[in-house]
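Proteins come first, then strands; the chains are lettered A, B, ... in the order of their sequence lines, and each starts at number 1.
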Amino acid sequence: MTEQQAMLSPLTILDKIKENNVTHVIYLPDSETNHLFIAMEEDPNIEVITVGREAETMAIAAGVIVGGKIPVCLVQNTGMMESGDSIRGLGLDCNLPIVMIIGYRGWTRWGITPDSAARLTEPTLNAWGIQYYLVEHDGDADRITLAFQTAAATQKPVAVLVGDEYHGFNRMNLDEERKIIKEG
Amino acid sequence: MINNDDLMAEIKKFRGKAIAIPTMTGSRGWLDSSEQPSRDVSVGGAMGKASNFAMGLALAQPDTKVVCFDGDGSLNMNLGTMMTIAGAKPKNLIHFVLNNGYFSVTGGQPIAAADEANFSQMAAGAGYAASYEFDNIEDFAGKVEEIFTAEGPIFVHIHSVPEIQNEPIGRRTRDPRNRSTNDAIKDLRKELGTL
């Protein structure tokens, strides 16, 4: 598999968000997600809500779910840790199927992980009892749908860890990528 | 200073079918007077996040008025919510803060900068569609209809009378009207047909 084929495209993430009928994407930007932000902003069917701090995303998502729409939270793992009380108090205690797509900052697939943000991500999710799925490249994208299905079935928050170690969200120009997709 | 019961009595006149999201001090005052408990959700579990929850609900139910009763300590925990709300522009959201200067439910410790900060100026600066401030019930009673009919997001800063609780939580008797957030959410979802 070439490096390019192993990428995780922002358009793939967007397709999965749309496939799961998401109405509201609630997010705080990080350095890896700008192209996804641009793609979402261009989509008229998705309302993009930017917050000031990650813990707001889960509380807003809780309100969106109660109001009958489908949200997804998009934050980095550092922000997930900042959000503990929102995840606990609304997501877990109130049985709300909040799907969180989480940038797995610092993650490496060879096991040496200098970044504590990465080292503590999965132990934190395990401590909270939150199921999660790892997505590394486009071939894993169906796990995003699986996350939505799991959240609906369990009525609990579920995480998708985006472990693209090369930060592929920003590696390619969106127009170039659309051209490649169009040309097969 | 405005007494909570007087404030809620004025608001009830214009509530209609609005959904109410109180927290902390706002929960006590509102739940004592609400006649539509299935449309009330007291958000106590995620500290400082009642206004975010209310905003999400307002965006998902754009034809329904949503009223949040925030506390001053709660809002101080999450001041960024003001810019989030101003940015998302939910036209149907009214965001009250009941400012008595104290953490009322923990024994009455003063909140940071209680004498210096001004929430209504912050909200105006953040970009709410309108921001009000009241320290007497007569002035509020004269404006409450305007507040409930104007296009939001609207912010209302109420200088309220402190009602300090100084009993450890484990010894307090839970008012049956103050259901858990989980139970209140279930009831609201049934009411809205979103369960």
For the backbone of B:L79 and the side chain of A:R53, can you confirm whether one donor and one acceptor N or O come within less than 3.5 Å of each other?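 No: the side chain of A:R53 does not pair with the backbone of B:L79.
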Options A:I65, A:V64, A:V66, A:I87, ranked by heavy-atom pairs under 4.5 Å with chain B, top entry: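 When all of A:I65, A:V64, A:V66, A:I87 are compared, A:V66 has the most.
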Among A:H24, A:E56, A:R88, which residue has the highest count of heavy-atom pairs closer than 4.5 Å to chain B?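 Between A:H24, A:E56, A:R88, the count favours A:E56.
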Point-to-point distance, once rounded to the nearest 0.5 Å, from [atom1] of [X] to [atom2] of [Y]:
X	Y	atom1	atom2	answer
A:I60	B:T84	CD1	OG1	5.5 Å
A:S86	B:M47	OG	CE	11.5 Å
A:C94	B:R189	SG	CZ	10.5 Å

Go through the atoms of [X] and report whether side chain, backbone, both or neither lie under 4.5 Å from a heavy atom of chain B.
X	result
A:T50	backbone
A:A55	both
A:L96	side chain

Please indicate whether [X] has more than 12 foreign heavy atoms, meaning atoms of other residues, nucleotides or ligands, lying under 6.0 Å from its [atom1].
X	atom1	answer
B:M83	CE	no
B:Q109	CD	yes
B:K12	NZ	yes

So if I take each residue of residues 149-158 of chain A and look for any heavy atom under 4.5 Å from a heavy atom in chain B, which residues do I end up with?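 Near chain B, by residue number: A:Q155.
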Please determine whether residues [X] and [Y] belong to a single hydrophobic cluster, defined as Ile, Leu, Val, Met, Phe, Trp and Tyr linked transitively by side-chain heavy-atom distances below 4.5 Å.
X	Y	value
B:F14	B:M8	yes
A:F37	A:V72	yes
A:I46	A:I70	yes
A:V48	A:V162	yes
A:L161	A:M81	yes

Sole candidate of A:I49, A:V51, A:I26 that passes side-chain contact (heavy atoms from CB on, under 4.5 Å) when paired with B:M55: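 Going through A:I49, A:V51, A:I26 one by one, the side-chain contact (heavy atoms from CB on, under 4.5 Å) with B:M55 is satisfied by A:I49 alone.
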Taking C-beta and beyond as the side chain, do B:T181 and A:D93 meet within less than 4.5 Å on heavy atoms?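 Answer no - side chains too far apart.
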Taking only heavy atoms into account, what residues of residues 64-78 of chain B are found under 4.5 Å from chain A?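 Checking residues 64-78 of chain B against chain A gives B:N78.
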Atom of [X], atom of [Y] and distance for their closest heavy-atom approach:
X	Y	result
A:A59	B:K49	CB-CB, 3.6 Å
B:Q61	A:G67	NE2-O, 2.8 Å
B:A60	A:G63	CB-O, 4.5 Å

Between B:L192, B:L59, B:L195, B:I85, which residue shows the highest count of heavy-atom pairs closer than 4.5 Å to chain A?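 Highest number of pairs under 4.5 Å: B:L59.
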Most contacts with chain A, counted as non-hydrogen pairs under 4.5 angstrom, among B:T194, B:L57, B:N52: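 Max contact count across the listed options: B:N52.
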